[in-house]
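Beneath this line is the structure, given in structure tokens, with notes to follow.
Per chain, numbering begins at 1; letters A, B, ... match sequence-line order.
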Amino acid sequence: MNDGYHRTLERQMARAGLSPEDLADQRIVDLLGRVSSAYEDADKQRYLHDRAFLLASSEMQNLYDRLQSSSQDEAAVQRDRLKAIFDTAATGLIVLEADGRVFDLNPVAESALGLDHDAMVGDALTAVLTPADPEDPVIDELRTALAEGRHWRTADTVLMTRHGSTLSVSMLFRAMRTGGGVLAIEDITERKQAQAELIWRANHDSLTGLLNRPALTDRINRSLQRARRYGSQVGVFFIDLDRFKRVNDTLGHAAGDTLLVECARRISAIMREVDTTARLGGDEFVAIAEHLSSAEDAYAIAKRIADTIAQPFSIENELAYVESSIGIAMTDGQGVEPGQVLRDADIALYEAKGRPGSAVVLYTEAMIRRMQHGVDLERRLRRAMYTDELWVAYQPIFTLADSRIVGFEALARWDSDAGPVAPEEFIAVAEGAGLLEELGRRLIPEALAFQRQLPAGVDLFVNMSPGQIAGEGMLEWLEGAIADAEADPGQLFIEVTETDAISDHAITPRLRHLRDRGIRIALDDFGVGHSSLSALRTLPLDLMKVDRSFLVANRQDSRAEAIARMVIDLGRLLPVGVIAEGIETTEQLDLLREIGCPMGQGFLLAPPAPAAEALTLLT
Amino acid sequence: MRTTTVTWTPAGGWSADLATVETRPGAAVALAFSDPLVDCTPALAELAAALPGTEVLGCSTAGQIMGNRVDPAPLVVAVATFESARVISAFAHVDDEDSTPAGQALGDEITGAAHGQHIAGVMVFSGGLQVNGSALVAGLGTSLPEGTPVSGGLAGDGPRFQRSWVHLNGESGENCAVAFAVIGEEVTFRHGSQGGWDGFGPRRTITHSHANVLYELDGQPALSLYKEYLGERADELPLSALLFPLTVTDPTDGRSLVRTVLAVDEEHQSMTFAGDVPQGWSARLMWTTTDRLMEGATEAAEEAAQSQVDLAVAISCVGRRLVLGARTDEELDSVVDALGDSTAVVGFYSYGEISPAHGLCTLQNQTMTLTTISESAAS
């Protein structure tokens with residue numbers, strides 16, 4: 001108060017005509033002092049409040065600015081990130097406005113659809129997406145999803161690009177809450193191709209590209225359905241290559257594969273476009289021909305297949321030859337299953353395989369009966385191995401000049417409980433069932449026992465197939481059997497049938513081995529097989545038995561006679577012995593004598609007989 | 001319960017003859033609050049001698065309250081004598097590092113002397129500069145029977161923040177705490193505590209602090225912020241910092257406390273507060289107006305009011321006095337108006353207030369804290 005009152009108070013006192021000096025009353029002085037102090041306090045308070053207000057306001061503004069600028073920075077960073085994602089996405093992305101116009105599209109969408117970014121922005125959806133199929137509802141669906149603000153996807157559709165090519169895509173639309181949305185377009189062309197390839201692989205043979213077995217059943221089924229619908233016939237051709245194994249063995253598996261591929265090509269070329277060709281594995285093919293009107297049609301197709309396969313294959317600068325056996329099943333599709341038709345064709349093929357050369361056989365009901373009969377026979381034969389139903393008959397072999405017995409051919413006989421079974425029949429069954437070797441082991445000791453009773457100069461002829469000779473341990477067994485029987489190897493001929501197998505390189509050393517033991521070798525059925533002359537050149541032979549087909553039926557057949565003479569001369573020149581088989585008429589016998597055939601056998605001379613009976617012929 | 005108030009001045013001596021003050025040994029307390037610039041030791045000795053068996057205690061102040069005014073007398077005293085209750089006291093030295101053990105020691109002493117009897121209430125006074133009031137109160141809480149109400153305040157040193165002390169029965173010290181407790185079923189303590197301050201400006205995070213020493217807010221020196229806001233009044237630090245107390249808020253439960261500055265350290269750019277300012281809590285500057293402070297005082301008195309109040313102890317923050325300035329008495333008018341003219345009011349402007357008014361007993365700042373004591377007639 002000594003410093004004077006607050007300025008405001010002093011002014012108020014001046015206006016009121018008062019000066020501090022005028023005031024005598026100490027209480028008034030005290031009062032004025034308090035009022036002045038209150039003014040000063042209020043000033044101080046206001047100073048701080050004003051200052052605090054301005055500072056706090058400024059601080060708040062700074063905070064606000066910082067927040068705003070950081071949120072702007074944040075937004076810019078977010079935008080950059082989204083842009084980078086958008087531009088580098090492996091999927092095509094199109095950002096759509098709520099009204100369906102294009103807001104933006106990324107480089108993948110641009111290049112996949114062949115679009116120009118700048119030209120497209122602002123364009124309508126329909127200008128960007130064109131379904132390959134005008135009926136495809138995808139655009140309408142997408143537009144609906146856009147309008148309703150919901151997500152949408154389509155698994156698989158085909159679009160046209162601006163370049164006019166097609167593009168398999170799956171599309172996903174994600175609606176945005178603020179309207180519009182993002183359409184993701186994934187190019188699935190490669191995936192579709194891969195799927196197609198997988199499906200193709202599942203249904204095709206990888207080597208030849210033909211259909212495989214699983215796919216074939218389906219094709220047959222469809223063919224049967226069409227046959228039923230159109231009242232036509234379907235032919236199923238079961239084709240098996242003959243002598244293919246030899247190509248594999250001699251030229252190698254790669255060459256074998258090449259041949260199969262070429263073979264597939266040739267068969268396919270024969271068939272019509274609507275027809276089907278399949279490979280079942282190995283050297284087995286199946287062809288289906290529809291709309292056949294008769295069995296002749298089927299035979300004609302089969303013949304063409306057989307002919308085309310019989311053409312030489314040029315593989316690695318070598319020519320390879322194979323032939324085929326073809327079984328055909330024909331059906332109108334009524335009441336049959338695909339599996340049954342294929343089985344029928346297989347049965348017919350089995351029949352065809354049993355015939356020489358490129359045989360074509362059409363399935364008949366009788367075949368299955370035969371087949372069933374064969375199965376039954378095999379079962380019984382297996383049982384017979386342990387009974388005395390199997391025995392050996394001996395057919396004498398004569399010198400034709402003086403009708404002297406020089407040998408006996410041992411022949412297997414089977415008197416089953418249902419009556420005698422023809423040798424051709426059960427030998428074939430035994431061969432098919434792999435029982436031939438066992439049959440040999442069962443009967444050869446009996447024949448050797450017979451041989452021991454033969455005088456010198458009378459030989460025993462025992463038949464063995466190339467398969468038997470090649471059988472493991474068979475030769476050792478044979479030598480053992482000869483020793484056991486105390487038989488003379490010098491009185492033993494092994495007759496080997498002239499078939500494909502005899503040409504196997506493995507056979508020759510085995511035959512030499514037998515010959516080294518003093519056993520002689522006769523070539524059976526000469527003239528029937530494929531490689532007669534080359535066999536004569538390479539095989540260690542002592543004798544050939546000429547097949548009955550070379551025997552001349554009558555004297556008017558001069559050509560046959562010429563061949564017969566030539567064969568006799570051949571034997572003389574080689575030189576090997578010659579026996580004519582199957583002499584049944586005196587006419588045949590006279591001619592053989594005339595052309596100088598040294599030996600012969602046949603029903604005319606003497607039928608096969610049991611051992612005891614045969615021995616009586618020698619006395 | 002009888003209450004007598006007297007004042008003392010060096011020139012005039014006692015305002016009333018001490019011989020007329022009737023007390024009962026072991027059942028009386030004399031609360032004596034003094035101006036730190038005036039040596040009141042002889043007067044206190046005289047008082048103790050005149051009132052044998054009476055617990056004489058109190059502290060230095062930033063203004064002595066008597067009735068409805070800040071009394072110019074350097075020593076104000078209220079003597080309360082209970083009819084049936086007894087009074088016990090305790091004294092403890094406060095460790096420099098941790099004030100908790102001192103609180104525990106006070107509590108232990110009181111609990112022991114109570115012999116299991118009902119403790120109607122405890123009032124505690126401690127040095128206002130080196131003592132961490134929060135820790136002291138926490139220590140008391142651990143050793144007193146649960147639910148015992150504790151109120152009181154931190155001694156003051158006028159506007160200087162240099163020396164403050166407490167005294168009990170002739171013994172005094174700066175780093176000390178004293179307390180008295182009233183034992184008896186008939187005595188009732190009630191409490192009221194209000195501030196009248198409001199937060200303003202941004203809410204900041206306490207990024208660096210240690211106990212009651214604050215270093216940084218939002219990674220910036222807290223002292224710089226205060227200087228910025230105080231402007232030309234920064235020269236008056238630490239006193240002027242009282243004009244912007246801090247409200248600190250626990251982020252885990254949203255509980256807020258008001259903290260006021262006791263000291264500043266230019267070297268470390270730190271500020272020492274009267275209570276903890278935990279790191280990780282949020283802090284916000286507060287301001288007030290004269291009117292808001294008056295409202296606060298009225299509300300505090302209303303909270304503490306009883307049908308009959310034999311003694312009201314008013315402890316108000318020095319920061320309030322700084323704002324109120326010449327109008328400080330008006331805050332006391334508000335209190336007396338609310339409690340009734342006949343109520344004996346004694347107290348002081350403090351460097352911190354302790355009150356259980358709002359449930360938890362805590363150290364507060366910038367409040368008007370009232371403790372009213374009454375004793376019903378012995379049955």
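With no hydrogens or angles considered, a side-chain donor-acceptor pair links Thr290(B) and Gln45(A) at under 3.5 Å. Inspection of the Glu186(A) and Thr91(A) side chains reveals no N or O donor paired with an N or O acceptor under 3.5 Å. Defined by atom type and a distance below 3.5 Å, a donor-acceptor pair is present between the side-chain atoms of Thr61(B) and Gln64(B).
Both the backbone and the side chain of Leu55(A) come within less than 4.5 Å of a heavy atom of chain B. With a threshold of 4.5 angstrom between heavy atoms, Leu285(B) does not approach chain A through any atom at all. Using a 4.5 Å cut-off between heavy atoms, Arg204(B) contacts chain A through its side chain alone, with no backbone atom that close. Contacts between Phe200(B) and chain A at a heavy-atom distance below 4.5 Å involve the side chain alone, from C-beta outward. Contacts between Thr288(B) and chain A at a heavy-atom distance below 4.5 Å involve the backbone alone (N, CA, C, O). With a threshold of 4.5 angstrom between heavy atoms, Asp218(B) does not approach chain A through any atom at all.
Between Tyr5(A) and Tyr39(A), the ring centre distance reaches or exceeds 6.0 Å.
The nearest pair of heavy atoms linking Thr249(B) to Arg203(B) is OG1-NH1, 4.1 Å.
Ion pair Arg162(A)/Asp116(A) not flagged as a salt bridge, since none of the NZ, NE, NH1 or NH2 atoms sits closer than 4.0 Å to an Asp/Glu carboxylate oxygen.
Counting heavy-atom pairs closer than 4.5 Å to chain A, the top-ranked of the candidates Thr289(B), Leu324(B), Leu322(B), Leu243(B) is Thr289(B).
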